[in-house]
**Q** 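So that we are looking at the same thing, I have put the structure below in structure tokens.
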Amino acid sequence: MATVEISLASDVLEQTLLEHGQAHLWDVLQQLPERAQRRLRLQLEQVDWASLQQVFREHGEGAATDAFSSPVTDPLATLVLQPVKNLIPQRTSAQDTGWQAALRRGEAHLAQGRVAVVMVAGGQGTRLGYAAPKGMFPIGPISGASLYQWCCEQVRYRIRKHGCAIPYIIMTSDATHDTTLKFFEEHDYFGLPAEDVWFVCQGTLPVFDHETGEVLFTDRETIAVSPDGHGGLLEAFTEQNIWQRLRERGIATLAYHQVDNPLTKICDPGFIGWHLQRGSQVTTKVARKRSAGERMGLVLEVNQVPQVVEYSDIPEDVAGQLDAKGDLRFWAGNTAMHVFDVEFLESVATSTDPLPLHTAHKATPYWADGRCHTPTQPNSIKFERFIFDVLPRAPQTLFIEIDRDTEFQPVKNRTGADSPALCQAAMLRLHRDWLTAAGVIVPEHVPVEISPLVAQEASDLKSLLPTGTTILEPIVITRNA
Ligand code: UTP
């Protein structure tokens, strides 16, 4: 009986691989020692080959860009594109009653312990070229605090301010998991209660040769894989029972942020409050694009349905359209700061219709002819799912315009645009502005860094530093644990 089951399973896998242009995998599998064979077989059996092959044919073959494609099947030019409508403009005055009400609502929700945070930190950070996971990058302009520390201290600030518990979910991938876990352990979870820091490792997807569509190998017996995108969060949460844990804790709202933007306001009560006031399932902060050609995903309506479209998929004439005032008509860049309704997100995760796959053309080292090759030019197609693809499925969405200078300066590239240097300059500028608003005098050439434990906004400093305080040397303003 057992023999029949095994041979049937192997036939099914062989059949599937043959049908989807992966006969070479079957050949390799046959030559492996038993243990390696079992391991690879298990991995291959979990892959949805039909979907990957279909997406490769539609978007991957001949792809010429290293940006991920949008899985929109019709050319965008044939669809009706409009700016998003449900938009809350930037807060410009402390007296704005709409914002005040949203703030109170968000603060109450936090105080009731109804919010968890997720940080996605599973990316490979290839553009930054940092040897460790990006979250370990020393971003503190003076302190050298890591991105992980910076984010954890923001969560600690919120826990103290609102007198609540906040589960902090860190999504890692094979590329970042072990090192991240060790880093958190070594730093005592950066002062957070260890039981409230939950690590969730996302899944992977095979990497295809861009010409043949065959899966690449990284050595004799291991196929090349890459993390399945931040949208992999949905599957990872389901597999690792996170929905259940959130329910048990009475968590209704999930605040989402990426590891690479230290200016992000984690658990921003105004953001959460607006989301609740408007009955939204997905609320996203948007920032004004600096130019039509800026490499930033756009939030817009496609046939009246809000969604995010990658910059590389927006036709130039659309990106450059101006409104009556002469400003960009499609200005709303995606900042990847979202607030999700947990019940809604779980319903998408457990539906039979997974988020679409995007493809990108990337350089991937591979094993062939008995040795490893390290291409300098893109040679492969990677697949990812993006979390923002839940937007079109939400009955109610909301967008909030933010001030880019104070909330959005991600670390993507080693130098130039979105580099650590620009990010640190933005952090120091923001902290100087807070100090100035609090009546503290800091000469132009003196850098001052303010720990997230101390302040998240100018008003936090007022009670700490008397008006007229003068700072003459570079310092880090922090507080004891
Ligand atoms: P990016 O798309 O900027 O990718 O990720 P990256 O991995 O940081 O950098 P490159 O493109 O390789 O240079 C945006 C956010 O999504 C997370 C990243 O960790 C980052 O916080 N992410 C990305 C994941 O968590 N998993 C993924 O599979 C991809």
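Whatever order the structure lists them in is the order used to number ligands and atoms, beginning at 1.
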**Q** Could you tell me whether Arg371 and Asp219 make a salt bridge, using a distance below 4.0 angstrom between a side-chain N and a carboxylate O?
**A** no
**Q** Between Asp405 and Arg290, does any side-chain N to carboxylate O distance fall below 4.0 Å?
**A** yes
**Q** Is any NZ, NE, NH1 or NH2 atom of the basic residue among Asp228 and Arg385 found under 4.0 Å from an Asp or Glu carboxylate oxygen of the other?
**A**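 So Asp228 does not pair with Arg385 through a salt bridge.
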**Q** Starting from atom 6 (P) of ligand 1, which protein heavy atom do you reach first, and at what distance in Å?
**A** Gly125 N, 3.6 Å
**Q** Measuring from the heavy atoms of Gly232, does anything fall under 4.0 Å of ligand 1?
**A** no
**Q** Do me a favour and list the nearest non-hydrogen protein atom to atom 8 (O) of ligand 1 with residue, atom name and distance?
**A** Lys134 NZ, 3.0 Å
**Q** I'd like to check Gln240 versus Trp198 (side-chain heavy atoms, cut-off strictly below 4.5 Å). Are they in contact?
**A**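 Counting from C-beta outward, Gln240 and Trp198 never come under 4.5 Å.
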**Q** Ignoring hydrogens, what is the shortest heavy-atom contact between Cys152 and Phe190? Give both atom names and the distance.
**A**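 So the minimum-distance heavy-atom pair works out to CB-CB, 3.6 Å.
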**Q** Does ligand 1 have any atom sitting under 4.0 Å from a heavy atom of Ala121?
**A** yes
**Q** Indicate yes or no: at least one non-hydrogen side-chain atom of Pro410 is less than 4.5 angstrom from one of Cys423.
**A**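 No, too far: nothing below the 4.5 Å cut-off.
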**Q** Show which atoms of ligand 1 fall inside a sub-4.0 Å distance from at least one heavy-atom site of Pro227.
**A** 28 (O)
**Q** Which residue owns the protein heavy atom closest to atom 26 (N) of ligand 1, what's the atom, and how far is it?
**A**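 That would be Gln202 OE1, 2.7 Å.
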**Q** Give the single entry among Val120, Leu128, Thr176, Ile387 that approaches atom 20 (C) of ligand 1 most closely by any heavy atom.
**A**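 Checking each option, the heavy atom nearest atom 20 (C) of ligand 1 is found in Val120.
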**Q** Considering Arg127, Met119, Glu384, which one's heavy-atom position lies nearest to atom 11 (O) of ligand 1?
**A** Arg127
**Q** Provide, to 0.1 Å, the distance between atom 24 (C) of ligand 1 and the closest protein heavy atom, together with that atom's residue and name.
**A** Gly123 N, 3.3 Å
**Q** Quick one: nearest non-hydrogen protein atom to atom 16 (O) of ligand 1, plus distance?
**A**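 Here the closest protein heavy atom is His230 CD2, 3.4 Å.
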**Q** Out of all atoms in ligand 1, which are within 4.0 Å of some heavy atom of Met171? Include the element for each.
**A** 25 (O)
**Q** Is any N or O atom of Lys412, backbone or side chain, closer than 3.5 Å to an N or O atom of ligand 1?
**A**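 Yes - when backbone and side-chain N and O of Lys412 are compared with those of ligand 1, one distance drops under 3.5 Å.
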**Q** Evaluating non-hydrogen atoms only, which member of Asp174, Asp418, Thr126, Leu205 is closest to atom 10 (P) of ligand 1?
**A** Thr126
**Q** Just jot down the ligand 1 atoms closer than 4.0 angstrom to any heavy atom of Val259, in number order.
**A** 19 (O), 21 (O)
**Q** Is the Lys NZ or Arg CZ of Lys285 less than 6.0 Å from the centre of Phe271's six-membered ring, within 45° of the axis?
**A** yes
**Q** Is the distance between the ring centroids of Phe199 and Phe184 under 6.0 Å?
**A** yes
**Q** Give me the nearest non-hydrogen protein atom to atom 25 (O) of ligand 1 as residue plus atom name, then the distance to 0.1 Å.
**A**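 Among all protein heavy atoms, the one nearest atom 25 (O) of ligand 1 is Gly122 N, 2.8 Å.
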**Q** Can you report which non-hydrogen protein atom sits closest to atom 28 (O) of ligand 1, along with the distance?
**A** Gly229 N, 2.9 Å
**Q** State plainly whether the residues Arg39 and Glu221 are in salt-bridge range, i.e. N to O under 4.0 Å.
**A** yes
**Q** Would you please say whether a donor-acceptor pair under 3.5 Å links the side chains of Asp418 and Gln409?
**A** yes
